[in-house]
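Here the structure is laid out as structure tokens; the discussion comes afterwards.
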There are 2 protein chains.
Amino acid sequence: MSRTAGVKKPARWADAVPAREAQFEIKRRALVREAARAFGRRGFHNTSLEEVAEALGVTKPALYRYVRTKHEILYEAKTIAFDAGAKARDMAAAATADPLERLRLYIIHYIDLVTSELGSYAVLAEPVTSLPPEYANPIRARMREADRALREMVQAAMDAGAMPPGDPKLAVAFFMGAINHIARWYTPDGPLTGRQIGEIFADFILNGLRGPRAGS
Amino acid sequence: MSRTAGVKKPARWADAVPAREAQFEIKRRALVREAARAFGRRGFHNTSLEEVAEALGVTKPALYRYVRTKHEILYEAKTIAFDAGAKARDMAAAATADPLERLRLYIIHYIDLVTSELGSYAVLAEPVTSLPPEYANPIRARMREADRALREMVQAAMDAGAMPPGDPKLAVAFFMGAINHIARWYTPDGPLTGRQIGEIFADFILNGLRGPRAGS
DNA sequence: CCTACCGATCGGTAGG
DNA sequence: CCTACCGATCGGTAGG
């Protein structure tokens, strides 16, 4: 026991390194989140890194310890938002096999995430053309991936007879337009929580897609 | 008769002046439309006037015969989009007094306009903060005006018992997010016309707002 | 993490 | 409507 302990480096060192790395990651995350909010509100090119730095209480060059380019920040911010969408889909898929319920849970969970991030998911509105190809292409791939997964969810509900047959692509364009818009108007000061908005939107969307003959 | 004619300036002149003004207006409109499309696709600050000029087959300084600043172009483009919304509301109001049908007609007409303008209404996604106060403030006023008018339409439908009572603000945020998103994905090459999209979206929206017990 | 600075882009103008 | 150009902003780097 004491021999094993002797072989290890002192605990302070062993912990200090991860701690420093963790600090770095935390700061990097804060930077991306803050920038994402600003990009979402004022647009990517209309937001200078000087402004982002000021909001974080540092100077612009300091940001370059954590990111290499402004493009990388936008890329990261969009990636985080797509990760949230994927997480919401996974949670919904794990919770139930019922296609309609799955769609409902996805909507609620995704809106919950969107509203908890104080507008940083509004970056999704930023055109992918603001990025050079090496960043734009992976983002486009993730857009297609999300689109495909959602269309499959809608198609499954149609196949199960839970909603009338139709074009899943149009249905997804419909409700994702509404959902992604939330990040641009939601504020925690409002009367509704993200969860409440999610439930109301889920009703709007599912009732809309099911049509007037929905009897349940 | 010949005396009156003698007093008038020759017809060629009398017609030429309006013709020149009309030309000017046509060119100005083409400039704003082209810029609006580019702003909507790539963002305001990510679109240089050099690019807009090139798309129109002229050089950048030539644009300044028609507009004073880049901000003015964005302001104009947004104004045109708001005018379209107001026109759609007026057409709907003139066509029927039934609140639900009015809302349906508004949706169909507005989407029809949106899809006929080849993406130039996507400028609505451009943050109003891209503009200096003297332009941003009137735009904000028009946003509030449109919002209020739509909320009143929804409220009227609720009051008439055509849809269950609820928060009209949330309902409007819901469907305007979906509708304004159309300008960002619609292309005339697709299988559906703007009219068809409008009818499907109107069904989605009205069924969504009416809820599962809608029996008609 | 800061001060100082470079280089490129781009809105807008002069002058014709 | 064009050529030529100015001035400001801003992403990114040097050097500490």
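Note that the coordinates shown come from a computational prediction; the quantities given were computed from them, not determined experimentally. In what follows, chains carry the letters A, B, and so on, assigned in the order in which the sequence lines appear, proteins first and then strands, with residues in each chain numbered from 1.
Atom NZ of A:Lys70 is separated from atom P of D:dT9 by 15 Å (rounded to the nearest Å). Between the CD atom of B:Glu54 and the P atom of D:dC1 there is a distance of 16 Å, given to the nearest Å. Rounded to whole angstrom, the span from the CZ atom of B:Phe44 across to the P atom of C:dT9 amounts to 19 Å. Distance B:Leu49 CG to C:dT9 P: 16 Å, rounded to the nearest Å. Note: OH (A:Tyr64) to C1' (C:dC2) measures 15 Å, nearest angstrom. Counting to the nearest Å, the C1' atom of C:dG12 and the CD1 atom of B:Ile73 are 12 Å from each other. Rounded to whole Å, atom C1' of C:dG11 lies 14 Å from atom CG of B:Leu74. Note: CD (B:Glu50) to C1' (D:dC2) measures 12 Å, nearest angstrom.
Heavy-atom nearest nucleotides on DNA chain D were determined for B:Val58 and for A:His71, and the one closer to the 5' end corresponds to B:Val58. For B:Arg68 and B:Arg65, each mapped to the nucleotide of DNA chain C holding its nearest heavy atom, the one lying further toward the 5' end belongs to B:Arg68. Heavy-atom nearest nucleotides on DNA chain D were determined for A:His45 and for B:Lys27, and the one closer to the 5' end corresponds to B:Lys27.
Ring pair B:Phe39/B:Phe44 is perpendicular by interplanar angle, where above 60° counts as perpendicular and below 30° as parallel. Classification of the A:Phe204-A:Phe201 ring pair by plane angle, with boundaries at 30° and 60°, yields tilted.
Using a 4.0 Å cut-off, some side-chain N or O of B:Tyr66 falls inside it from OP1 or OP2 of D:dC1. The side chain of A:Thr59 places an N or O atom within less than 4.0 Å of a non-bridging phosphate oxygen (OP1 or OP2) of C:dC2.
Checked by atom type and distance alone, the side chain of A:Gln196 pairs as donor or acceptor with a backbone atom of A:Thr193 at under 3.5 Å. A distance-only check finds no donor-acceptor pair linking the side chain of A:Lys60 to the backbone of A:Ser48 [under 3.5 Å].
The side-chain heavy atoms of B:Val154 and B:Phe174, taken from C-beta on, include no pair separated by under 4.5 Å.
The line from CG of A:Leu31 to CD of A:Glu34 is 9.0 Å long, rounded to the nearest 0.5 Å.
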For DNA chain D, the dot-bracket pattern of Watson-Crick and G-U pairs whose distances stay under 3.5 Å, | for other-strand partners: ||||||||||||||||

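Comparing atom distances between the B:Lys60 side chain and each of C:dG11, C:dT3, C:dC1 picks out C:dG11 as nearest. Taking the side chain of B:Ala62 as heavy atoms from C-beta on, and the options C:dC1, D:dC2, C:dT13, the nearest nucleotide is D:dC2. Closest to the side chain of B:Pro61, from the set D:dT13, C:dA14, C:dG11, is C:dA14.
Ionic pairing of A:Arg148 and A:Glu145 is not present here: no N-O contact between side-chain nitrogen and carboxylate oxygen is shorter than 4.0 angstrom.
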